[in-house]
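A quick write-up on the structure given underneath.
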Amino acid sequence: MQKLEVFGSNKLKGQINISGSKNASLPILAATLLSNKKIYLRNLPKVKDIDTMINLLKSLGSKAKFVKKNLIINNFYQDKKFAAYKLVKTMRAGILVLGPLLAKFGNAKVSLPGGCAIGSRPIDLHLKGLSKLGVKYKIDQGYVHAFAPKGLRGSKIHFSKISVGATENLIIAACLAKGTTTLTNCAIEPEVKDLTNFLIKLGCNVKWIGKRSIKIVGVSDIKQATYSVMFDRIEAGTYLIAAAITEGNLKIKNIIPGLLKTEIDILKKIGVKIITKNKEIKIIGNKKIKSLNIKTAPYPGFPTDLQAQIMALLCKAKKDSFIEEKIFENRFMHVAELNRMGAQIKTLGNKVLVKGNINFASAELMATDLRASVSLILAALTAKGKSTINRIYHLDRGYEDLEKKLKKVGAKIRRIN
Ligand code: UD1
């Protein structure tokens, strides 16, 4: 099993180009199932979750190949409606094929994604919404067996809770439903907007009609299209925090600073200097990090996907900080590992008290989920000596060329086979 070795205490300096967004690419890939024509996708990140989604599409009969960095997907012969456990279990976003398969064929059998390290992660909101579009389903032996005897019909759907995945599944399904669908209390993460921009390019009739409301009028013809996926906000946020924690000086390129406003505001409050330009952010670290109380929240709030990383940074603050996790029930797996590096973080239900003034010590560590693992790397970048991070397949699910990018800006990091 591969490991990463990190030798800490280097200030990061230079520039990092941000890759395409994993969380935007996954629903866009699922949405290609709506079409029978060729679709060209650019700027997909080279990460394991994208391979898994492409393999899932291939198992459903899609033809997909990379030509240079562009993916060409052809669903002309795509005819299977069965998404197997072995593909969906490793990546929860596999459930996103349910909406498009039902929209296209009127029936589908898709594995339940199951729980994961950060909580039970149910799909009730996806299923309730699909029921409103006329879908009947039963759950049997770990699979959702769903069918729409009369095809999907437009409806009014109000999400009782904001969910990125449920919003995406329902948007995709409604594109081919007969009549008009309105979705209210939708997730408005930029990745959801990227999906709707893609669907509009395919000729779908999708319109944002309020802050959290979408109107979709079903169409029968999906066009051929070329689309370039947006940048990865979470990757960008992670490297901003990497600059802050190492008191470095980085230019984060290929991004839209406006979509990182919350993160930038928080980092400024913490005391780092940030200069935004058209498509880049310059960040200059500061020895004196201020403490802060942070709550994660749906966009435009502070993302749960950066909670572990900001926690590592707040260990360096001059005073104690509080972090409240409002999205997932069990997203503090990194706490025990950060504490093994000398942090003093106390968990109190869905809150943590982060003691400041910590100098991390190097250690042998275990990655537990995607974002938790990167927080350990951030801490290790500041620790004297060698830290070893095991189970790094979690990192490979979501960070393109992590070691390469970090090495380029001065980190001492290497992968051991
Ligand atoms: C997506 C992101 C993930 C991010 C999360 C929250 C992708 C591929 N993943 O995950 O990186 O951490 O948004 O920003 O884009 N919930 C229910 N019932 C449901 C669906 C969700 O109760 O049917 C709950 C979840 O358990 C969680 C909350 O709603 O507590 C938000 O989850 P959701 O927004 O759906 O997350 P994902 O789409 O799975």
Test your reading of the model: is there a side-chain donor-acceptor pair from Asn10 to the backbone of Gly410, 3.5 Å cut-off? yes
Say you draw a straight line from CD1 of Ile283 to NZ of Lys273; how long is it, rounded to the nearest 0.5 Å? 12.0 Å
Measure the spacing between CG of Leu57 and CG of Leu87 and express it to the nearest 0.5 Å. 10.0 Å
Do Asn169 and Pro100 come close enough that some side-chain heavy atom pair is under 4.5 Å? yes
Closer than 3.5 angstrom, by distance alone: can the side chain of Thr262 be matched with the main-chain N or O of Pro300 as a donor-acceptor pair? yes
Taking every non-hydrogen atom, the tightest pair across Asn74 and Asn36: OD1-O, 4.1 Å
Side-chain contact test, heavy atoms from C-beta onward, threshold under 4.5 Å: evaluate it for Lys408 versus Gln15 and give yes or no. yes
Contact summary for Ala236 and Ile18, nearest pair of heavy atoms: CA-CD1, 3.7 Å
More than 12 foreign heavy atoms under 6.0 Å from OH of Tyr85: is that the case here? no
CZ on Phe147 to NZ on Lys81, rounded to 0.5 Å: 13.5 Å
Counting heavy atoms not belonging to Arg42, are there more than 12 under 6.0 Å from its CZ? no
Output the distance between atom CE (Met333) and atom CG (Leu338), rounded to the nearest 0.5 Å. 12.5 Å
Decide yes or no for Leu378 and Phe360: does some side-chain heavy atom of the first lie under 4.5 Å from some side-chain heavy atom of the second? no
Look up atom CD1 in Ile39 and atom CD1 in Ile28, then write down how far apart they are to the nearest 0.5 Å. 10.0 Å
Are any non-hydrogen side-chain atoms of Glu189 and Val192 less than 4.5 angstrom apart? yes
Looking only at heavy atoms, what is the nearest atom pair of Leu130 and Ala173, with distance? CD2-CB, 3.9 Å
Under 6.0 Å from the NZ atom of Lys37, do we count more than 12 heavy atoms belonging to anything else shown? yes
Check against side chain to side chain contact (heavy atoms under 4.5 Å, CB included), Leu170 and Lys132: CA-CA 10 Å; Leu170 267 296; Lys132 283 245 173 176; over 6 Å; no
Of Asn205, Val219, Leu34, Asp194, which meets side chain to side chain contact (heavy atoms under 4.5 Å, CB included) against Leu199? Leu34
In short, side chain to side chain donor-acceptor pair (under 3.5 Å) pairs touching residues 233-251 with sequence neighbours left out are Glu191-Arg233, Glu235-Lys405, Thr238-Gln309, Thr238-Tyr399
Compare all side-chain heavy atoms of Asn70 with those of Tyr40 and state whether any distance is below 4.5 angstrom. no
Ionic contact status for Asp49 with Arg92, cut-off 4.0 Å: no
With sequence neighbours left out, what residues match Glu325 under side-chain hydrogen bond (donor to acceptor under 3.5 Å, both in side chains)? Thr296, Thr304, Gln307
Between Ile392 and Leu402, is a side chain to side chain contact (heavy atoms under 4.5 Å, CB included) present by the stated rule, with each step listed? CA-CA 11 Å; Ile392 51 164; Leu402 180 96; over 6 Å; no
Any donor-acceptor pair under 3.5 Å from Glu403 side chain to Ile413 backbone: no
Approximate separation, where rounding is to 0.5 Å, of Glu280 CD and Asn17 CG: 10.0 Å
If you count the non-hydrogen atoms of other residues, nucleotides and ligands that lie under 6.0 Å from NZ in Lys193, is the total more than 12? yes
Heavy-atom donor-acceptor pair, Ser387 side chain to Ala363 backbone, under 3.5 Å: yes
Does some side-chain heavy atom of Lys63 sit less than 4.5 Å from a side-chain heavy atom of Phe76? no
Heavy-atom donor-acceptor pair, Thr276 side chain to Pro257 backbone, under 3.5 Å: no
side-chain contact (heavy atoms from CB on, under 4.5 Å) partners of Glu337, counting only residues at least two apart: Arg340, Leu365, Met366, Leu376
Given Asn75 and Lys104, is the side chain to side chain contact (heavy atoms under 4.5 Å, CB included) satisfied, shown in steps? CA-CA 11 Å; Asn75 283 328; Lys104 196 166 167 185; 4.1 Å; yes
For Lys58, does its backbone N or O pair with a side-chain atom of Ser62 as donor and acceptor, under 3.5 Å? no
Identify the two heavy atoms, one from Gly258 and one from Tyr299, that lie closest to each other, and give their separation to 0.1 Å. O-OH, 4.3 Å
Distance to the ring centre below 6.0 angstrom and angle to the axis at most 45 degrees; does that hold for Lys201 and Tyr227? no
Val88 to Pro113 - nearest heavy-atom pair and separation: CG1-CA, 3.9 Å
Using 4.0 Å as the upper bound for N to carboxylate O, is an ion pair formed by Lys269 and Asp265? no
Carboxylate-amine/guanidinium proximity below 4.0 Å for Asp401 and Lys407: no
Considering non-hydrogen atoms only, spot the tightest contact between Gly165 and His126 and give its length. C-CE1, 3.3 Å
With sequence neighbours left out, the residues meeting side-chain hydrogen bond (donor to acceptor under 3.5 Å, both in side chains) with Thr32 are none
Enumerate the residue pairs fulfilling side chain to side chain donor-acceptor pair (under 3.5 Å) with a member in residues 135-163, sequence neighbours excluded, ordered by first and then second residue. His158-Thr184
Hey, are the side chains of Pro298 and Ile327 touching, using non-hydrogen atoms and a 4.5 Å cut-off? yes
Examine distances only and state if a side-chain atom of Asn185 and a backbone atom of Phe159 form a donor-acceptor pair shorter than 3.5 Å. yes
When you compare the side chain of Val354 with that of Phe322, does any pair of heavy atoms fall below 4.5 Å? no
Residues forming a side-chain contact (heavy atoms from CB on, under 4.5 Å) with Pro45, sequence neighbours excluded: Ser19, Lys22, Ser25, Val47, Ile50, Glu400
Side chain to side chain contact (heavy atoms under 4.5 Å, CB included) evaluation trace for Ile377 with Leu395: CA-CA 10 Å; Ile377 293 186; Leu395 278 171; 3.4 Å; yes
May I ask you to check whether over 12 heavy atoms, not counting those of Lys412, lie within 6.0 Å of atom NZ? no
For Arg371, is there any backbone N or O sitting under 3.5 Å from a side-chain donor or acceptor partner on Asp305? no
